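Input: a single structure, listed below in structure tokens.
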Amino acid sequence: MTTTITKSASDLSLDLSQKVIDGKAIAKALRQELAKEVRELKESAGITPGLAVVLVGEDPASGVYVRNKTRACVEVGIRSAQHILPDSTTEAELLSLIDTLNADTEIHGILVQLPLPSHIDQATIIEAISAQKDADGFHPYNMGRLLTGCPTLQPCTPLGVMHLLKSAGIKCAGKDAIVIGRSNIVGKPVAVMLLGQNATVTLCHSKTVNLEKKIAAADIVIAAIGRAEMIKGAWIKEGATVIDVGMNRNAEGKLCGDVEYAEAVKRAAHITPVPGGVGPMTIAMLLKNTVTAARLIHKV
Ligand code: GUN
């Protein structure tokens with residue numbers, strides 16, 4: 001005997017909402033929790049977490065990110081200070097501002113928006129930020145702590161990716177995870193975090209051969225290569241989880257990720273959309289890191 005199950009429209013929308021990981025809603029819930037934590041910190045210890053965001057130059061995309069970060073701070077009750085510097089700023093001038101922010105007792109987190117103009121050495125700037133105030137988790141001390149399994153402040157986008165996996169009920173232990181992209185901001189730290197959750201991790205990059213075959217074998221795919229829809233939907237294993245960190249424009253100028261979503265969504269069990277997936281999580285995690293830094297500094 002065969003049984004036909006007819007699903008109502010509401011059942012179908014439920015299925016879809018479970019398949020498509022709603023980063024916007026998950027980030028909103030996180031911000032609400034943080035707003036409560038910030039209120040309690042103020043009441044119980046008289047501490048208002050403070051974040052300084054520094055932007056050098058006129059890159060329009062970076063300008064949008066910085067404004068969004070500042071707006072999100074205000075929403076959860078974090079004090080925010082914006083420092084917008086001209087493209088002509090010297091490395092010495094930027095180092096001097098960082099010294100001032102390192103010594104400012106009202107500032108607990110410092111973020112210098114990347115990329116920096118080419119006349120400023122990125123590593124020098126990242127190392128100059130006090131490791132305790134490193135809201136990005138990029139300082140070699142914090143990266144080293146992550147690598148050695150004793151994490152302190154951790155990079156925001158990878159933290160967001162891990163939070164999305166957890167929210168979708170994905171268990172990493174024993175799974176084959178593939179990370180495409182080896183940047184210090186996303187690829188390397190997220191690979192270490194997945195390893196920390198006992199996944200078997202393959203870290204791929206632009207010189208990787210047989211990428212398609214490697215992706216086809218993976219249970220968890222983290223796409224962070226920065227190339228519009230480079231990862232084809234047909235490469236995704238049936239039932240895999242796909243987290244798309246990409247934020248690109250396709251040939252028609254439409255926002256899209258690194259994964260060919262329209263095809264991948266047919267094969268994946270869970271997938272993040274672009275926009276509305278990883279993007280909102282990065283800012284939520286930046287706020288969380290600022291609160292964590294305030295707690296570390298004040299030992300509360
Ligand atoms: N540029 C792109 N992503 C990031 C980020 O997470 N932090 C900083 N500081 N710059 C970025």
Side-chain angles (χ1 to χ4, degrees), residues 23 27 30 51-73 78 80-85 87 89 91 94-95 97-98 101-102 107-118 120-131 133-143 146 151-164 179 181-193 222-227 243-249 255 257-258 274-275 277-290 292-293:
L30 202 60
L51 175 70
V53 180
V54 181
L55 173 65
V56 185
E58 280 101 40
D59 179 54
S62 292
V64 172
Y65 291 138
V66 165
R67 277 195 295 281
N68 289 344
K69 285 168 184 175
T70 306
R71 194 179 318 127
C73 281
I78 289 176
S80 86
Q82 259 190 39
H83 297 265
I84 313 284
L85 308 178
D87 201 48
T89 304
E91 188 173 292
L94 183 54
L95 287 171
L97 172 62
I98 290 170
L101 296 172
N102 280 342
I107 294 295
H108 306 95
I110 302 170
L111 175 145
V112 177
Q113 186 66 28
L114 303 176
L116 287 165
S118 57
I120 299 178
D121 183 58
Q122 196 162 291
T124 303
I125 299 305
I126 289 171
E127 284 193 48
I129 296 170
S130 156
K133 295 192 176 186
D134 174 30
D136 264 322
F138 293 163
H139 190 285
Y141 172 81
N142 290 316
M143 283 286 196
L146 174 61
T152 42
L153 293 169
Q154 303 176 69
C156 304
T157 302
L159 271 183
V161 169
M162 298 309 288
H163 191 90
L164 289 177
V179 179
R182 57 174 153 182
S183 70
N184 288 339
I185 295 181
V186 185
K188 283 185 214 165
V190 85
V192 175
M193 289 180 194
I222 314 290
I225 195 94
R227 289 174 59 184
I243 308 287
D244 193 345
V245 182
M247 180 65 80
N248 318 291
R249 298 234 171 235
L255 267 185
D258 292 349
V274 176
V278 176
M281 296 302 296
T282 298
I283 296 190
M285 289 304 175
L286 171 67
L287 305 176
K288 191 169 168 60
N289 271 354
T290 304
T292 304

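Numbering of ligands and ligand atoms starts at 1, following listing order. What you see is a predicted model; the values in this text were computed from it and never measured.
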Donor-acceptor side-chain pairing of Thr70 and Ser80 below 3.5 angstrom:
no
Within the 3.5 Å criterion, strictly below it, is a donor on Gln113 or Lys69 matched to an acceptor on the partner's side chain?
yes
Spacing of CD1 belonging to Ile243 relative to CE belonging to Met162, to within rounding of 0.5 Å
9.5 Å
Please check: side-chain N/O of Asp258 versus main-chain N/O of Gly226, any donor-acceptor pairing under 3.5 Å?
yes
Go ahead and list the nitrogen or oxygen contacts between ligand 1 and the protein that come in under 3.5 Å, distances to 0.1 Å, or just say none.
residue: ligand 1; atom: 1 (N); partner: Gln113; partner atom: NE2; Å: 3.3
residue: ligand 1; atom: 1 (N); partner: Leu114; partner atom: O; Å: 2.9
residue: ligand 1; atom: 7 (N); partner: Asp136; partner atom: OD1; Å: 3.0
residue: ligand 1; atom: 7 (N); partner: Asp136; partner atom: OD2; Å: 3.4
residue: ligand 1; atom: 9 (N); partner: Val112; partner atom: O; Å: 2.9
residue: ligand 1; atom: 9 (N); partner: Asp136; partner atom: OD2; Å: 2.6
residue: ligand 1; atom: 10 (N); partner: Leu114; partner atom: N; Å: 3.0

More than 12 heavy atoms of other groups within 6.0 Å of Lys288 NZ:
no
Asn102: partners by side chain to side chain donor-acceptor pair (under 3.5 Å), with sequence neighbours left out
none
